[in-house]
Every structure is written in C-alpha cells, then in structure tokens.
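Encoded as structure tokens, the structure appears first; notes follow it.
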Amino acid sequence: MNTKEKILVTALELFNEQGIDVITIRHIAKEMGISHSNIQYYFKNADDIIYTVYAQHIAAMNELPVFVNDPDAGLNTLRESITAILQHIYQYRFIYIHFVVITRRMPEIKKIYAQRFGIRRRQLLRLFENYREQGIVRKDVPEDVWESLIRSIYLIGDFWISANELTTGLKGKKAVNYYARLLEDLFYPYFTERGKQLIAT
C-alpha cells in the first residue's frame with residue numbers, strides 16, 4: 001500500500017472503532033506515526049477522508065455480484081447477495097452509524113444516495129417481476145405493496161448497523177447473519193407455496 005491507501009485504511013479502522021465525532025486528522029497521523037501535515041498533503045481535512053472512504057465503499061458495492069442484475073436469479077442467489085451486501089456494510093459501519101450527520105455535512109453524498117436508491121428501486125421491481133414469472137412470488141400483490149417492501153428493505157439495509165449498536169450488540173458474522181435473516185423474512189408473506197418450498201431448501 002502507498003501512503004494514501006494506508007491513510008484510508010487507518011481512518012476506516014479508527015472511524016469504525018471511535019466514530020467521526022472523535023477522530024481527527026491528528027489522531028490518524030498519530031496512529032500511523034506520521035505528522036498531520038503528511039496527511040494534509042493528500043486530504044484537506046477529516047471530511048475529505050470520509051468522502052473518499054464513502055466513494056471507495058460505493059465503488060466496491062457496485063462490484064458485488066448483486067442478485068438484482070440477474071433475471072434468472074433464484075432464492076439462493078438472493079440469500080447470498082443479501083449476506084454479501086451486509087458483510088460489506090459492516091466493514092464500513094461508521095458510515096451508517098453517522099449517515100445523517102455525514103449527509104448534512106456533505107450534501108453531495110445525499111445526492112449519490114438518492115441516485116443509488118432510484119437505481120436499486122428499479123432493479124428490485126424487475127426482480128419481483130422475474131420472481132412472479134418463475135412462480136416464486138404471488139401475482140395478486142398490488143404495486144404499492146411492492147413499493148412498501150422496497151422501502152422496508154432499505155430501512156433495514158441502511159439502518160441495521162445503528163439498530164445493532166443500540167439493541168442486539170452483535171459482532172462480525174453474527175451481526176451480519178442475524179440481520180440478513182431479518183431481510184430474508186421480509187419476503188416470506190409474498191412467496192407462493194413454491195417459493196416457500198424453495199426458501200426452505
């Protein structure tokens with residue numbers, strides 16, 4: 001790793017451990033054993049680092065083999081994709097703990113989030129249509145209910161980290177598996193009998 005990469009790795013570790021309201025460039029520099037001016041050669045301030053880490057996080061998320069891009073995706077693919085996404089979110093958990101504060105400080109991140117939500121919404125609607133064609137989910141569910149499901153998926157997907165901090169207090173794989181199951185369970189009322197059989201296998 002070069003110096004810039006080391007700064008980002010160290011910052012991510014410290015932000016995850018202590019939060020953005022505690023960690024400054026000086027803390028990162030001290031952890032690395034360099035002067036804070038060395039960090040400022042690459043980043044103006046802590047917000048600049050946070051924005052870069054967020055961009056890195058989103059770029060990596062876009063590389064994940066997400067189920068919504070596969071029209072023939074079955075329920076095993078859905079389960080694997082949910083787990084992969086939550087694992088990645090856990091690696092960048094400080095973002096989700098402080099997300100409202102971050103978007104207030106950096107409105108451009110809020111814009112990126114809104115754009116991503118629009119893309120994911122369309123992808124999920126296509127996924128539900130594919131599942132209907134495969135006989136996995138019911139055909140009698142109104143469109144506005146599918147929209148509500150998408151909102152529920154996002155509520156858990158984006159804020160499970162905060163809920164875990166406040167209530168369950170699980171770490172690592174245990175946290176990911178617990179909340180992946182909560183997301184999977186959201187789909188259960190929409191399954192046909194065939195879908196219920198598939199999810200049970």
Side-chain angles (χ1 to χ4, degrees), residues 12 16 54 56-100 103 110 112-201:
L12 177 59
N16 278 339
Y54 179 77
Q56 187 181 65
H57 166 54
I58 295 304
M61 285 275 278
N62 289 338
E63 294 299 316
L64 291 175
V66 181
F67 62 88
V68 292
N69 295 325
D70 181 1
D72 299 316
L75 295 180
N76 284 335
T77 308
L78 172 65
R79 180 180 287 136
E80 291 166 4
S81 297
I82 288 172
T83 300
I85 291 166
L86 296 195
Q87 284 173 340
H88 189 72
I89 287 173
Y90 189 82
Q91 292 172 3
Y92 290 82
R93 55 195 175 276
F94 86 89
I95 292 170
Y96 294 85
I97 292 171
H98 301 282
F99 198 62
V100 173
T103 56
K110 189 174 183 179
I112 294 169
Y113 177 81
Q115 290 168 354
R116 283 179 54 78
F117 177 80
I119 293 168
R120 288 294 186 226
R121 174 188 165 274
R122 292 190 292 274
Q123 290 174 327
L124 283 165
L125 287 173
R126 285 200 299 272
L127 177 75
F128 300 153
E129 180 60 33
N130 292 333
Y131 280 176
R132 281 194 290 272
E133 291 173 2
Q134 295 177 51
I136 292 174
V137 298
R138 293 161 43 194
K139 294 183 178 180
D140 62 338
V141 178
E143 201 63 34
D144 60 334
V145 176
W146 290 119
E147 293 283 356
S148 294
L149 176 59
I150 291 170
R151 290 285 176 178
S152 298
I153 290 167
Y154 259 76
L155 281 171
I156 294 178
D158 290 341
F159 298 103
W160 69 274
I161 290 287
S162 295
N164 185 55
E165 287 284 318
L166 292 170
T167 57
T168 44
L170 300 171
K171 302 294 183 184
K173 190 175 180 180
K174 287 184 178 179
V176 169
N177 290 343
Y178 179 85
Y179 286 94
R181 180 60 187 269
L182 284 185
L183 278 170
E184 289 172 26
D185 287 349
L186 288 178
F187 289 83
Y188 192 83
Y190 307 93
F191 288 145
T192 60
E193 287 305 313
R194 177 172 182 265
K196 290 175 183 177
Q197 290 172 2
L198 289 173
I199 201 70
T201 58

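Predicted model, so just to flag it, every value in this text is computed and none were measured.
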* Asked: Are R194 and Q197 linked by a side-chain donor-acceptor pair shorter than 3.5 Å?
  -> no

* Structure fact -> Sorted by chain and residue number, the side-chain contact (heavy atoms from CB on, under 4.5 Å) partners of Q115 (sequence neighbours excluded) come out as none

* Structure fact -> Across all chains, not counting sequence neighbours, the side-chain hydrogen bond (donor to acceptor under 3.5 Å, both in side chains) partners of Y54 are none

* S162 versus I97, closest heavy-atom pair with distance -> OG-CA, 3.8 Å

* To do: Step by step, work out the ring pair (Phe, Tyr, Trp, His ring centres under 6.0 Å) result for W146 and Y190.
  => CA-CA 9 Å; W146 290 119; Y190 307 93; 5.1 Å; yes

* To do: Kindly say whether I136 contributes a backbone atom to a donor-acceptor pair with the side chain of Y131 at under 3.5 angstrom?
  => no

* Asked: Quick one: does I85's side chain get under 4.5 Å of I82's, heavy atoms only?
  -> no

* May I have all residue pairs that pass salt bridge (charged side-chain N to carboxylate O under 4.0 Å, His left out) and include part of residues 163-176, sequence neighbours excluded? => none

* **I150 and F128, any side-chain heavy atoms less than 4.5 Å apart** => yes

* Structure fact -> Applying side-chain hydrogen bond (donor to acceptor under 3.5 Å, both in side chains) to E184 and not counting sequence neighbours gives R79

* Between atom OG of S152 and atom CD of E147, what is the distance when rounded to the nearest 0.5 Å? -> 11.5 Å

* Asked: How would you list all residue pairs meeting salt bridge (charged side-chain N to carboxylate O under 4.0 Å, His left out) that involve residues 129-142, not counting sequence neighbours?
  -> E129-R132, R138-D140

* To do: Check whether any side-chain heavy atom of L78 sits under 4.5 Å from a side-chain heavy atom of F187, and report yes or no.
  => yes

* To do: Just say parallel, tilted or perpendicular for the rings of Y92 and H88, cut-offs at 30° and 60°.
  => tilted

* Asked: Hey, does I161 have a side-chain heavy atom less than 4.5 Å from the side chain of Y179?
  -> no

* **Pairwise side-chain contact, Q91 with N16, heavy-atom cut-off 4.5 Å (strictly under)** => no

* Is there a donor-acceptor pair under 3.5 Å between the side chain of R121 and the backbone N or O of G118? -> no

* Structure fact -> Which of Y96, F99, Y113 passes ring-ring contact (aromatic ring centres under 6.0 Å, His included) with H57? Answer is Y96

* All ring pair (Phe, Tyr, Trp, His ring centres under 6.0 Å) counterparts of F117, not counting sequence neighbours -> Y154

* Should L86 and Y178 count as side-chain neighbours, where that means a heavy-atom distance under 4.5 Å? -> no

